[in-house]
Structures are given as structure tokens and as C-alpha cells.
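FYI, the numbering just counts along the sequence from 1.
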Amino acid sequence: YDVMKNLRLYAPISEEGKFAPQSAYTTSPIVVEVADLDNVIPTKKVSFQFSEKDSTVTIGSNHYSLNQFVSTNFGSLKFTKNPNYFKKATQTLFFSLDNPRKVTADLLEGLTATSTTKLTSIIDLKIRDEDPRRGEDILNELIKVYNLTSVQEKNRLANSTSAFVDAQLKEVKQDLAEIESRKQAYQSSKGAIDISTHSQLLMKSATETSKEIGDVDIQLSALNEVE
């Protein structure tokens with residue numbers, strides 16, 4: 001669908017031929033874009049002229065400027081310069097408007113993908129199209145869209161994984177905090193003392209006892225001198 005939308009395949013432009021119309025993919029000076037693809041008005045043939053001097057598109061008695069959506073009998077349309085234009089058309093140009101879903105289905109029907117070998121993931125893409133240049137652009141756009149979608153999917157998966165890990169870490173931290181809180185409550189209820197605190201109290205008591213013993217020794221020495 002994105003390939004059809006990006007290349008505006010729902011609005012093909014053709015040139016009158018001697019026996020039958022032919023693709024004007026590279027001979028039309030302009031391309032047509034529809035504002036709302038969900039409400040395309042199917043139209044078989046709309047002849048137009050383009051003035052290079054005024055940069056205007058003429059349909060019947062109506063004149064339309066480029067690069068802006070304008071109201072027409074065929075819906076809201078925008079005419080822009082054709083990036084693939086390199087040869088001037090010699091016959092009358094006209095565009096058609098097709099159902100985007102149908103165009104996408106037809107595009108998929110004409111596309112074939114085959115694996116080059118059983119040992120690699122490389123595939124060979126082929127497409128049936130009356131205009132070789134358009135067919136090449138369709139395949140290039142398909143690869144471009146695929147790569148972009150692949151990157152977006154990888155980013156989405158990475159973000160989802162990161163969010164999951166963050167949520168799990170948050171839960172673990174909450175669980176640890178709850179366990180620590182329960183431990184402190186249990187120790188308080190049982191009169192338990194933290195080991196480090198208990199060690200500090202023992203050291204303080206030993207120091208005070210040593211001081212008291214020292215004081216007693218001094219007093220005994222003094223009494224011996226008196227005797």
C-alpha cells in the first residue's frame with residue numbers, strides 16, 4: 001500500500017497512442033495526488049494541458065496552480081512537477097483515478113519473489129509493468145519501504161523490550177524494599193540488633209572496662225606506696 005501511495009500509482013497518467021494509450025510515466029510534466037485516498041472518485045479519463053510558462057494545469061475551462069490541493073470535479077487534487085519527466089509527450093495527456101486497494105492488489109498480483117538459493121536469504125524480485133522505468137521504481141520503492149518497516153519494527157521491539165526490563169527492575173526493587181522493611185520490623189519485634197551496631201557496642205564496653213581496670217591499677221599502686 002505504501003509503495004502505491006508513495007508513487008501515486010492510483011493516478012496513472014497516459015498518452016494517446018496510434019493504436020492504444022501508453023504510459024506517460026516519463027513523458028508527463030506533472031503528476032497527480034489525491035488528498036483523501038479513502039474517498040477516491042474512480043475516473044477513467046481526464047484530459048489536461050500543462051503550461052510550462054504559467055505552471056498551471058488546465059482541465060476543460062478550469063485552470064489550477066501547482067503544489068497545492070485544489071477542488072475539482074474529481075475531488076481534492078494536487079498537481080506537482082513529475083520527478084521522472086525527461087521526454088515531452090507528443091500526444092494528448094490524460095490521467096485516471098483508480099481505487100487504491102484495487103491498485104495494491106493488482107500490484108501484488110504482478111509481483112513475484114523467488115529465493116536465489118536454498119542456502120541464502122537473498123530473493124529475486126520481478127514485476128510485470130508496461131513501463132520499464134516505472135517497474136524499476138516500484139521495485140526500488142518496495143525495497144525502501146521494506147527496509148524502513150524493518151528498522152521501525154526493530155526499534156519498536158527494542159523499546160518494548162527496554163520497557164519490559166525497566167518494569168521488571170522496578171518490581172524487583174519494590175520487592176527488595178518490602179523484604180527489607182519486613183526484616184526491620186521482625187528485628188524490632190524480636191529485639192534483634194544489627195550486627196554492626198552490636199559490634200560497636202561491644203567495642204565501646206571493652207574500652208570502658210579497660211579504662212576502669214586502668215584506674216584500679218593506679219589506685220593499687222598508690223596504696224602500695226603508702227604501705
query: Once the angle between the rings of Phe95 and Phe48 is folded into 0 to 90°, is it parallel (under 30°), tilted (30 to 60°) or perpendicular (over 60°)?
result: tilted
Cluster overlap [X] with [Y], hydrophobic side-chain contacts below 4.5 Å:
| X | Y | value |
| --- | --- | --- |
| Val32 | Phe69 | no |
| Leu125 | Met4 | yes |
| Val70 | Leu97 | yes |
| Leu37 | Leu9 | yes |
| Tyr85 | Phe94 | no |

- prompt: Lys102 and side chain to side chain donor-acceptor pair (under 3.5 Å): which partner among Asp106, Asp98, Asn99?
  reply: Asp106
Measure from the side-chain N and O atoms of [X] to the backbone N and O of [Y], and report whether any donor-acceptor pair falls under 3.5 Å.
| X | Y | result |
| --- | --- | --- |
| Glu15 | Gln22 | no |
| Ser28 | Ala24 | no |
| Asp129 | Asp131 | yes |
| Tyr10 | Val34 | yes |

Taking every non-hydrogen atom, the tightest pair across Pro29 and Leu93: CD-CD1, 3.7 Å
field: Heavy-atom closest pair, residues Val145 and Val3
entry: CG2-CG2, 4.1 Å
message: For the residue pair Gln49 / Thr92, report whether a side-chain donor-acceptor contact shorter than 3.5 Å exists.
response: no
query: Just by distance, with hydrogens left out, do Thr58 and His63 show a side-chain donor and acceptor under 3.5 Å apart?
result: yes
Is it true that atom [atom1] of [X] has more than 12 heavy atoms of other residues, nucleotides or ligands lying nearer than 6.0 Å?
| X | atom1 | value |
| --- | --- | --- |
| Lys78 | NZ | yes |
| Tyr1 | OH | yes |
| Glu109 | CD | no |

field: side-chain contact (heavy atoms from CB on, under 4.5 Å) evaluation trace for Leu111 with Leu139
entry: CA-CA 9 Å; Leu111 180 68; Leu139 292 179; 3.8 Å; yes
message: Between Asp137 and Asn84, does the side-chain contact (heavy atoms from CB on, under 4.5 Å) criterion hold? Intermediate values first, please.
response: CA-CA 10 Å; Asp137 286 350; Asn84 300 302; 3.5 Å; yes
Roughly how far apart are [X] [atom1] and [Y] [atom2], rounded to 0.5 Å?
| X | Y | atom1 | atom2 | result |
| --- | --- | --- | --- | --- |
| Asn62 | Ser71 | CG | OG | 9.5 Å |
| Thr26 | Ile13 | OG1 | CD1 | 11.0 Å |
| Glu33 | Phe79 | CD | CZ | 11.0 Å |
| Asp2 | Leu142 | CG | CG | 10.5 Å |
| Ile30 | Ser55 | CD1 | OG | 11.5 Å |
| Ile143 | Leu148 | CD1 | CG | 13.5 Å |

message: Go through it in stages, so that I can follow the logic: the residues are Tyr25 and Asn82, the test is side-chain hydrogen bond (donor to acceptor under 3.5 Å, both in side chains), and I'd like the CA-CA distance, side-chain angles, deciding distance and then a yes or no.
response: CA-CA 8 Å; Tyr25 188 74; Asn82 181 8; over 6 Å; no
Flag side-chain contact, heavy atom, 4.5 Å: Ile59 against Phe74: yes
- prompt: Does the side chain of Arg134 come within less than 4.5 Å of Ile127's, by heavy atoms?
  reply: no
message: I'd like to know whether Lys45 forms a salt bridge (charged side-chain N to carboxylate O under 4.0 Å, His left out) with Glu16, so could you lay out the CA-CA distance, the side-chain angles of the two residues, the decisive distance to 0.1 Å, and finally the verdict.
response: CA-CA 11 Å; Lys45 189 174 181 179; Glu16 294 286 7; 2.4 Å; yes
task: Go through the steps for Thr72 and Leu77 under the test side-chain contact (heavy atoms from CB on, under 4.5 Å), then give the verdict.
output: CA-CA 7 Å; Thr72 73; Leu77 306 178; 3.6 Å; yes
- request: Kindly determine whether Lys81 and Glu52 satisfy salt bridge (charged side-chain N to carboxylate O under 4.0 Å, His left out), including the steps that lead there.
  value: CA-CA 10 Å; Lys81 289 289 187 68; Glu52 187 71 39; 3.7 Å; yes
- request: Step by step, work out the side-chain contact (heavy atoms from CB on, under 4.5 Å) result for Thr43 and Ser96.
  value: CA-CA 5 Å; Thr43 307; Ser96 303; 6.0 Å; no
